[in-house]
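Have a look at the structure below before the remarks.
All values below come from the heavy atoms of this structure, side chains included, with hydrogens, waters and symmetry mates left out. What you are looking at is a predicted structure, and each value in this text was computed from that prediction instead of being measured. To find a chain, count down the sequence lines: A is the first, B the second, and so on, and within it residues start at 1.
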2 protein chains.
Amino acid sequence: MTDVVTPPTSPVSRERSKEIKRLSVISTARQVRLLSRAELTELTGLSPATLTPLVRDLIAEGYLIERGPGASRAGRPRAMLEFNPRAELVAAVSLEPSRISCEIADSDGAVVAHRAVRLTGDIVDTICRSVPELAGDGLPALRGVAIAAPGVISGGAVRLAPSVGLIEGRPIGESVQRALGVPVVVDNDVNLMAAGEHAAGAGMDVADLLLLHVADGIGAGLVLDGQVRRGARGAAGEVGFLPLDPAGRGHDGIGPFEARWSENAIAERVVALAPGRRPDSPVRALVALAATDPRAAGYLDEVLHAWSRLIVSCVCVIDPGRVLLSGAAADLDDAAVDRLQGLVTAAVPSTTEVRRAVLGDRAVLHGAVSYALSAAAAGLPTLLPAP
Amino acid sequence: MTDVVTPPTSPVSRERSKEIKRLSVISTARQVRLLSRAELTELTGLSPATLTPLVRDLIAEGYLIERGPGASRAGRPRAMLEFNPRAELVAAVSLEPSRISCEIADSDGAVVAHRAVRLTGDIVDTICRSVPELAGDGLPALRGVAIAAPGVISGGAVRLAPSVGLIEGRPIGESVQRALGVPVVVDNDVNLMAAGEHAAGAGMDVADLLLLHVADGIGAGLVLDGQVRRGARGAAGEVGFLPLDPAGRGHDGIGPFEARWSENAIAERVVALAPGRRPDSPVRALVALAATDPRAAGYLDEVLHAWSRLIVSCVCVIDPGRVLLSGAAADLDDAAVDRLQGLVTAAVPSTTEVRRAVLGDRAVLHGAVSYALSAAAAGLPTLLPAP
DNA sequence: ACACTTCCTTCCTACGGCGAACGAATTAAA
DNA sequence: TTTAATTCGTTCGCCGTAGGAAGGAAGTGT
């Protein structure tokens with residue numbers, strides 16, 4: 001566990017093919033939750049004889065729990081096996097400007113423990129101390145760590161990236177990985193949200209989607225063919241820089257589009273329309289205002305037009321099929337979403353659904369879970385027969 | 001070969017793992033071209049004992065050719081094995097408005113035979129007759145067929161898609177696949193070009209790229225993480241529909257952007273600037289004119305600005321790292337490409353290279369070769385250890 | 001000519017997958 | 001209640017493949 005980086009033997013198979021079967025059983029069980037060995041034979045294609053010892057191992061390791069016999073029409077009843085989500089834990093670490101928040105979740109995305117730590121010393125140290133503490137005696141079940149950082153991760157513009165060390169995702173990830181001995185993924189928070197909605201939210205049923213996140217800036221997360229795509233330098237989804245608005249002027253690190261149409265920019269206009277304190281959700285406030293104030297309605301329509309041009313641009317480039325509105329954009333009401341859908345449909349060659357994201361704050365967590373679980377299974381894509 | 005769709009046995013391995021080793025040896029040999037068994041042990045991780053019979057088989061099947069002994073510093077000289085590109089043939093079929101052109105190529109992309117057939121009867125029939133004829137006695141080595149069709153393939157807008165039957169890629173592909181018994185891929189010509197440049201052209205050294213093809217319309221091909229990405233409905237890269245130009249008006253099947261900045265549109269302006277016949281290459285003509293005529297120089301700059309906005313849009317969404325100019329855009333001279341590069345760099349958060357595609361007409365062919373070869377290896381992604 | 005090095009092959013063993021037979025646990029029928 | 005029928009799960013044993021070890025092959029250097 002400490003040294004041997006490259007096991008000099010085991011080139012292709014034998015040990016490997018065993019692992020493949022293990023993983024195929026685990027992932028099947030994770031999906032179905034409660035099943036019998038007989039169902040496993042059908043779903044994985046493995047023979048019963050192969051499954052018997054394998055399932056025995058998995059029960060011993062806590063992945064599966066033997067439940068009572070299930071219903072049977074005729075013949076011996078199936079002995080049901082339940083997947084134990086607690087057998088695999090995942091840590092999701094979110095880097096925020098002055099603190100880090102850390103959550104331990106099981107493979108369902110259910111939070112087992114969480115804590116926020118003020119950022120004092122070295123980030124890597126803090127993470128490597130907090131995660132084991134928080135995991136407690138579940139530490140051996142830890143399968144991966146996902147670290148969410150704001151801004152562009154590897155290279156690219158340094159946008160919203162707080163202070164030192166965070167810009168380079170690699171060093172942090174590698175250090176933590178060495179210290180904790182489990183796979184670590186570092187990514188943009190928006191990318192994690194996209195992964196989360198894809199794994200457990202409004203994108204579960206599709207392989208391609210675009211998540212548009214409107215906050216202080218505007219960013220997009222991209223899922224194509226079932227995977228988050230980051231582009232060559234990790235700057236995919238930097239849609240705030242789109243040259244859609246001749247009037248928009250970007251400045252260091254802020255793109256021309258997001259300078260005019262981000263949540264901040266909208267908040268300023270909303271305050272001008274309805275003087276007072278800046279509302280918590282400028283978009284929701286604007287939608288409410290628009291019902292009575294024609295000027296607000298006009299401005300809302302401007303916003304929707306701007307966002308629709310943004311969406312149309314993305315759709316023309318990658319054809320995601322579905323666009324999820326996240327952050328401030330998720331505060332739109334049904335009528336406004338419909339309006340946006342209409343604007344997009346009119347301008348785009350391919351049919352595209354526009355809807356709200358559903359996970360909200362928990363999207364990052366679910367994304368982290370899905371990253372960490374797939375990192376554990378990395379390198380072993382399915383060789384199974386289609387059922 | 002005719003019936004058995006799902007082999008009821010063979011769930012995961014045994015037969016499979018043997019095939020994996022075969023393919024790993026073949027693909028290694030394809031890259032290295034001339035190597036010994038000893039090098040194969042290093043590169044594939046397979047033991048010499050495993051390789052001996054495997055290599056024997058491959059020699060018998062014609063994949064490898066035994067050459068004389070290689071140089072040796074000390075000890076027994078290595079018996080060199082040469083990869084035989086002719087062992088795997090590929091057919092590339094290009095559907096054009098009134099004819100189909102068909103090429104047989106080896107796995108280097110070297111054309112072994114080609115022919116153009118006027119389209120008379122059924123397309124599928126024509127293909128299924130032409131390919132075996134053209135392949136001749138090389139037919140058993142045929143590993144795949146790639147069919148390039150203009151326009152959007154599965155669903156999406158029907159753009160440039162000639163007449164009947166072509167719109168739906170699936171039926172044609174499946175029919176041909178059934179008839180010829182080899183994997184068939186049907187795709188957009190621009191996607192194939194992108195795959196070609198990625199496999200054998202200006203994108204060999206990168207995993208992500210965007211190919212911008214300017215012709216009658218404007219389309220882009222997208223390679224992300226080493227694969228062509230088509231989006232949910234196959235309409236990825238329909239960048240002619242980008243809402244970048246308030247003055248652009250699209251009409252049925254033509255996007256607003258390409259309506260103003262495609263090769264056709266440019267040709268009209270060039271004819272206006274220099275009355276006469278429409279030049280073969282309007283862009284090259286424009287570049288030449290711009291050297292002397294200030295109005296032409298101004299218009300060229302407009303075109304470059306427009307294209308740069310297009311590129312910037314794509315880059316913001318997917319961050320390809322490299323953009324290849326194809327079709328009419330490849331007719332720009334060095335100065336114009338530099339200018340374009342400058343415009344892009346100024347507007348984009350991530351560093352992006354802009355350069356010309358290098359394969360020209362042969363891009364589609366190379367793309368077809370790469371598709372067909374990877375279709376043959378499909379479902380068996382690398383499980384090999386990193387070297 | 002001899003040792004030495006490197007490459008390739010053959011022999012042999014160990015291990016895992018899966019077919020087949022068998023025991024187990026229930027329902028339906030006699 | 002006994003018997004048959006049915007479906008599940010397990011144990012046994014054959015087979016095939018992988019890869020270690022040892023040995024032959026074909027060179028180089030002294």
Side-chain angles (χ1 to χ4, degrees), chain A residues 7-25 29 32 34-60 64-82 383-385, chain B residues 7-25 29 32 34-60 64-82 383-385:
Chain A
T9 62
S10 93
V12 175
S13 63
R14 202 66 142 252
E15 294 85 358
R16 206 62 168 250
S17 75
K18 200 170 184 179
E19 204 180 348
I20 293 176
K21 290 185 199 51
R22 262 182 67 91
L23 286 171
S24 99
V25 170
V32 184
L34 188 66
L35 37 55
S36 68
R37 293 167 177 79
E39 288 173 83
L40 277 175
T41 29
E42 292 170 21
L43 295 173
T44 63
L46 300 168
S47 75
T50 310
L51 276 170
T52 293
L54 217 178
V55 167
R56 206 191 336 258
D57 288 354
L58 291 178
I59 290 177
L64 297 175
I65 302 173
E66 195 137 33
R67 297 296 182 200
S72 76
R73 287 208 182 289
R76 173 177 176 173
R78 336 185 122 178
M80 303 310 282
L81 303 167
E82 187 183 351
L383 319 180
L384 302 175
Chain B
T9 62
S10 94
V12 176
S13 61
R14 198 65 142 259
E15 297 83 359
R16 206 61 168 253
S17 76
K18 200 168 184 181
E19 204 180 348
I20 292 175
K21 290 185 200 49
R22 264 182 66 94
L23 286 171
S24 100
V25 170
V32 184
L34 188 66
L35 38 53
S36 69
R37 290 168 179 80
E39 288 172 83
L40 276 176
T41 30
E42 291 170 22
L43 294 172
T44 63
L46 299 168
S47 75
T50 309
L51 276 170
T52 294
L54 216 176
V55 168
R56 196 178 0 243
D57 288 354
L58 291 177
I59 290 175
L64 297 175
I65 302 172
E66 194 137 31
R67 297 296 181 199
S72 77
R73 289 213 178 287
R76 174 177 175 174
R78 338 187 121 178
M80 303 310 282
L81 303 167
E82 188 182 352
L383 317 181
L384 302 176

Please determine whether a side-chain nitrogen or oxygen atom of B/Lys21 lies at a distance below 4.0 Å from atom OP1 or OP2 of D/dA18.
yes
Calculate the interatomic distance between A/Met80 atom CE and D/dT7 atom C1'; express it in whole Å.
14 Å
OP1 or OP2 of D/dA18 less than 4.0 angstrom from a side-chain nitrogen or oxygen of B/Ser47, does that happen here?
no
B/Thr50 side-chain N/O to D/dG19 phosphate OP1/OP2 under 4.0 Å
yes
Just by modelled atom types, is the A/Ser36 backbone N or O under 3.5 Å from a matching donor or acceptor in the A/Glu39 side chain?
yes
Can you find a side chain N or O atom of B/Arg78 that sits less than 4.0 Å from OP1 or OP2 on C/dT5?
no
So which nucleotide from D/dC8, D/dA26, D/dT10 ends up closest to the side chain of A/Arg37?
D/dT10
Side-chain touch A/Ile59/A/Leu81, heavy atoms, less than 4.5 angstrom
yes
Roughly how far apart are B/Leu64 CG and B/Glu66 CD, rounded to 0.5 Å?
9.0 Å
From CG of B/Leu64 over to P of C/dC8, roughly how many Å is that when rounded to an integer?
13 Å
Please report, rounded to the nearest Å, how far the C1' atom of D/dT10 is from the CD atom of A/Glu66.
13 Å
Between D/dC8 (P) and A/Leu40 (CG): distance, integer Å
13 Å
From C-beta outward on B/Ala79, which listed nucleotide comes closest to its side chain: D/dG9, C/dT10, C/dC8?
C/dC8
Please pick, from D/dG9, C/dG19, D/dG19, the nucleotide with the shortest atom-to-atom distance to any side-chain atom of B/Ala49.
D/dG19
Looking at A/Arg76, I'd like to know whether one of its side-chain N or O atoms comes within less than 4.0 Å of OP1 or OP2 on C/dG23.
no
Give the rounded distance in Å between these two atoms: CD of B/Glu39 and C1' of C/dT6.
13 Å
Rounded off to whole Å, could you give me the CG-to-P distance for the A/Leu46 and D/dT10 pair?
14 Å
So which nucleotide from D/dG9, C/dT26, C/dT10 ends up closest to the side chain of B/Arg56?
C/dT10
Gap separating the CG atom of A/Leu34 from the CZ atom of A/Arg78, nearest 0.5 angstrom
11.0 Å
Nearest-angstrom distance from the residue atom CG of A/Leu54 to C1' of D/dG9:
15 Å
Find the distance B/Arg22:CZ to D/dA18:C1' and express it as a whole number of Å.
17 Å
Sub-4.5 Å side-chain heavy-atom contact between A/Lys21 and A/Thr44:
no
